[in-house]
Amino acid sequence: AQKITQTQPGMFVQEKEAVTLDCTYDTSDQSYGLFWYKQPSSGEMIFLIYQGSYDEQNATEGRYSLNFQKARKSANLVISASQLGDSAMYFCAMREGAAGGYNKLIFGAGTRLAVHP
Amino acid sequence: DTEVTQTPKHLVMGMTNKKSLKCEQHMGHRAMYWYKQKAKKPPELMFVYSYEKLSINESVPSRFSPECPNSSLLNLHLHALQPEDSALYLCASSQDQGGKSYEQYFGPGTRLTVT
């Protein structure tokens with residue numbers, strides 16, 4: 001069965017510093033996708049970044065980058081130059097199946113990030 | 001426009017009430033999802049609609065009844081709920097890309113309290 005593990009319940013970082021949020025996954029599929037979402041206290045889940053299993057380059061989106069190490073089955077999120085607005089819950093997720101025009105996401109337990117001034 | 005809207009934002013209902021949650025997107029996405037999220041937990045998938053047909057029901061109790069009237073709208077009808085159903089209900093949508101779908105876009109959620 002597919003599984004996502006986030007081992008850091010909480011992290012804190014000083015403003016303007018970089019922070020890495022850990023995510024490991026387990027799957028027997030050759031084709032899969034990994035996502036990171038941010039959830040502020042308001043509740044909305046905000047899509048940050050996506051990495052496909054066949055993508056050779058690590059995904060980047062602005063200050064977010066995904067450190068994809070396929071052999072280790074890890075997909076860590078790196079946030080550079082942290083801002084106070086980055087304080088939120090962060091979820092790593094994996095796509096389970098992609099047939100039929102929809103996908104099913106499996107979420108990790110999440111990591112709460114606090115950015116200190 | 002990557003916006004998914006949900007109404008209402010907050011809902012308080014008694015165990016004998018009937019209410020509905022509404023979700024709308026105008027991105028042309030053909031897959032729509034309902035999730036339930038308890039405090040400090042990840043979202044749990046409830047239902048998936050693909051091309052307006054129910055594709056996944058994750059063994060959700062019948063007091064939750066989904067409906068997809070058209071490709072832009074998704075409703076969740078609530079009846080005879082229990083206090084443990086109090087949670088944040090999130091709607092999401094995703095695009096069909098040649099039979100595959102990638103990121104899901106989420107709405108702001110409805111905070112439901114059952115008294």
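No hydrogens, no waters, no symmetry mates; every other heavy atom, side chains included, goes into these values. Chain naming here is simple, since letters A, B, ... match the order of the sequence lines and numbering starts at 1 in each.
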Enquirer: Atom CD of residue position A/Glu56 - does it have more than 12 heavy atoms of other residues, nucleotides or ligands inside 6.0 Å?
Expert: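 No, CD of A/Glu56 has 12 or fewer neighbouring heavy atoms, counting only those of other groups under 6.0 Å.
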Enquirer: May I have the step-by-step check of side chain to side chain contact (heavy atoms under 4.5 Å, CB included) for A/Met45 and B/Leu88, ending in yes or no?
Expert: CA-CA 11 Å; A/Met45 296 279 284; B/Leu88 179 68; over 6 Å; no
Enquirer: At a heavy-atom separation under 4.5 Å, does B/Gln37 approach chain A through its side chain, its backbone, both, or neither?
Expert: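 Only the side chain of B/Gln37 comes within 4.5 Å of chain A.
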Enquirer: Does B/Glu103 come within less than 4.0 Å of A/Arg95, counting only side-chain N to carboxylate O?
Expert: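 No salt bridge links B/Glu103 with A/Arg95.
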Enquirer: How far does OH of B/Tyr33 sit from CG of A/Leu105, to the nearest 0.5 angstrom?
Expert: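 One finds 7.0 Å between OH of B/Tyr33 and CG of A/Leu105.
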Enquirer: I need the minimum non-hydrogen distance between B/Pro43 and A/Phe107, along with the two atoms involved.
Expert: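 Closest heavy-atom pair between B/Pro43 and A/Phe107: O-CD1, 3.8 Å.
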Enquirer: Assert yes or no for the condition that the ring centre distance of A/Tyr37 to B/Phe106 is strictly below 6.0 Å.
Expert: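 When the ring centroids of A/Tyr37 and B/Phe106 are compared, they turn out to be within the sub-6.0 Å range.
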Enquirer: Side chains of B/Tyr51 and A/Tyr102: closer than 4.5 Å at any heavy-atom pair?
Expert: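 A side-chain contact under 4.5 Å is absent here.
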Enquirer: Could you work out, with side-chain contact (heavy atoms from CB on, under 4.5 Å) as the rule, every residue matching B/Ser86, not counting sequence neighbours?
Expert: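 Testing B/Ser86 for side-chain contact (heavy atoms from CB on, under 4.5 Å), a comparison that skips the adjacent residues, returns B/Thr113, B/Val114.
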Enquirer: Taking everything shown except A/Gln30 itself, do over 12 heavy atoms lie less than 6.0 Å from its CD?
Expert: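 Check fails, neighbour count at 12 or below.
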Enquirer: Between chain A and each of B/Leu90, B/Ile56, B/Leu45, count heavy-atom pairs under 4.5 Å; write down the option with the most.
Expert: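 Between B/Leu90, B/Ile56, B/Leu45, the count favours B/Ile56.
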Enquirer: Between B/Pro108, B/Gly107, B/Ser93, B/Ala92, which shows the greatest number of heavy-atom pairs under 4.5 Å with chain A?
Expert: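 Heavy-atom pairs under 4.5 Å are most numerous for B/Pro108.
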Enquirer: Around atom NZ of B/Lys9, are there more than 12 heavy atoms from other residues, nucleotides or ligands closer than 6.0 Å?
Expert: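 No, because the 6.0 Å sphere around NZ of B/Lys9 holds 12 heavy atoms or fewer from other groups.
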Enquirer: Evaluate whether atom CD of A/Gln14 has more than 12 neighbouring non-hydrogen atoms of other residues, nucleotides or ligands under 6.0 angstrom away.
Expert: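 Enclosed: over 12 neighbouring heavy atoms sit under 6.0 Å from CD of A/Gln14.
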Enquirer: Counting only non-hydrogen atoms closer than 4.5 Å, does B/Tyr49 touch chain A with its backbone (N, CA, C, O), its side chain (CB onward), both, or neither?
Expert: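 Looking at B/Tyr49, nothing touches chain A.
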Enquirer: Any chance you could measure A/Ser42, atom OG, to B/Arg111, atom CZ, to the nearest 0.5 Å?
Expert: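 Taking OG in A/Ser42 and CZ in B/Arg111, the distance rounds to 8.0 Å.
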Enquirer: Do you know which two heavy atoms are closest between A/Gly108 and B/Pro42, and how far apart they sit?
Expert: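 The pair with the smallest heavy-atom distance is O-CB, 3.3 Å.
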Enquirer: Which residues in residues 58-90 of chain A have any heavy atom closer than 4.5 Å to a heavy atom of chain B?
Expert: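 Answer by number: none.
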